[in-house]
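Beneath this line is the structure, given in structure tokens, with notes to follow.
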Protein chains: 2
Amino acid sequence: MPSTPRRSTKQRSIVLEIVARAKTHPTAEEVFTIARKKLPEISLATVYRNLHLLAEEGKIREVQFEGSTLRYDGMTMEHEHFCCRSCGVVEDLPVSLPAATVASIQSQLGAIIERYSLDYYGVCQRCKESAA
Amino acid sequence: MPSTPRRSTKQRSIVLEIVARAKTHPTAEEVFTIARKKLPEISLATVYRNLHLLAEEGKIREVQFEGSTLRYDGMTMEHEHFCCRSCGVVEDLPVSLPAATVASIQSQLGAIIERYSLDYYGVCQRCKESAA
DNA sequence: TTATTATTAGTAATTATTCCTATTAACTAA
DNA sequence: TTAGTTAATAGGAATAATTACTAATAATAA
Ligand SMILES: [Mn+2]
Ligand SMILES: [Mn+2]
Ligand SMILES: [Zn+2]
Ligand SMILES: [Zn+2]
């Protein structure tokens, strides 16, 4: 199957750059707002389209946390997240489940596990301390 | 803080019963369709309202898997999920992360971890075998 | 009973996302 | 270069999921 030729556009590279640089796991709307500063005529549909394309290509990742709309993550290596229910901050955790844990579940189920998503929820250090 | 008095209604108990019995992690719309069979005049807004209330009271749980709308889970004890990307089935996993793993991340972050969500994605046994 | 008001049905409104289409511009090959 | 091809875009309409609104209803308390 011949893959669709892909053209390189200002719009696409700006969207990628924004997500790659961001440390906040921005929503499509947030990416759009930032993108407008560099390219005032860019449209929201273009942002959505490119976010999907870039995710499909593995250049960014889609992440979904509870009670929030879909967000985008420029860190493409496997990692986990912590979300603060008080201030909403999302922190990256460079850990990952032991391969043995995943393998054990896989054989229990007789399934193929391709990936997983692990998100912790609670109160971050800052919020914990300011509440004390 | 005086908690709002809560009345017991047919609508609410039917919604609870449906989610508690279901093994499919149904969406609000699916709960609505089933509820109509028992109570044809029940409205969609009532289903949504009661799903939120019941989740708040801890009698059911909201679960969100990638690429899907919010779903509801009658299994209230802590557990994990496996989602098949081929047939869409969601299986319950009665396992949970070792307390030591959670405690370690908690102390690394200086945060309070209240709960976590762990979802595995891949191809279930049935789909794996039928593809062979 | 009767009064109070939480809850409901039905519908309008909102939010997030996707779809549509005429136009633009990235690439290709002369 | 230039001209042809068509992927990609801007802008707006359409859709899907959820929430908000409101007059009527019914669960509870007095
Ligand atoms: Mn991340
Ligand atoms: Mn479950
Ligand atoms: Zn916080
Ligand atoms: Zn399957």
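The sequence lines fix the lettering, A, B, ..., with proteins before strands; numbering per chain opens at 1.
Contact annotation: side chain of B:Arg49 to base of D:dT19, donor-acceptor pair absent below 3.5 Å.
Listed candidates were D:dT9, C:dT17, D:dG11. Nearest to the side chain of A:Thr9 is D:dT9. For A:Gln11, whose side chain is taken as the heavy atoms from C-beta onward, the closest listed nucleotide among D:dT5, D:dT18, D:dA10 is D:dA10.
Across every non-hydrogen atom of B:Ala55 and B:Glu62, the tightest pair is CB-CG, 3.9 Å.
Using a cut-off of 4.0 Å between Lys/Arg side-chain N and Asp/Glu carboxylate O, B:Glu57 and B:Arg6 are scored as salt-bridged.
The ring of A:Tyr120 has its center no closer than 6.0 angstrom to the ring center of A:His81.
Rounded to an integer number of Å, the gap from A:Leu39 CG to C:dT24 P is 16 Å. Counting to the nearest Å, the C1' atom of D:dT28 and the CZ atom of B:Arg7 are 6 Å from each other. When the P atom of C:dT7 is taken as reference, atom CG of B:Leu53 falls 7 Å away, rounded to whole Å. The nearest whole Å value for the distance from the CZ atom in B:Phe32 to the C1' atom in D:dT18 is 14 Å. Whole-Å rounding puts the A:His52 NE2 to C:dT18 C1' distance at 8 Å.
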Stepwise salt bridge (Lys or Arg N to Asp or Glu O under 4.0 Å) check, A:Glu41 with A:Arg36: CA-CA 7 Å; A:Glu41 70 274 23; A:Arg36 282 242 142 161; over 6 Å; no
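Sorted by first and then second residue, the salt bridge (charged side-chain N to carboxylate O under 4.0 Å, His left out) pairs with a member in residues 110-120 of chain B read A:Glu66-B:Arg115, A:Arg85-B:Glu114; sequence neighbours excluded.
Toward the 5′ end of DNA chain C lies the nearest nucleotide of B:Arg12, the other residue of the pair B:Arg12 and B:Pro40 mapping further downstream.
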Tabulate below the donor-acceptor pairs under 3.5 Å that side-chain atoms of residues 44-51 of chain B make, not counting sequence neighbours, or state none.
from, atom 1, to, atom 2, distance (Å)
B:Thr46, OG1, B:Ser43, OG, 3.1
B:Thr46, OG1, B:Arg49, NH2, 3.1
B:Asn50, OD1, B:Arg12, NE, 2.6
B:Asn50, OD1, B:Arg12, NH2, 3.3
B:Asn50, ND2, B:Thr46, O, 3.1

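Note on the helix from C:dT1-D:dA30 to C:dA30-D:dT1: angle between the axes of the first and last five pairs equals 40°, rounded to 10 degrees.
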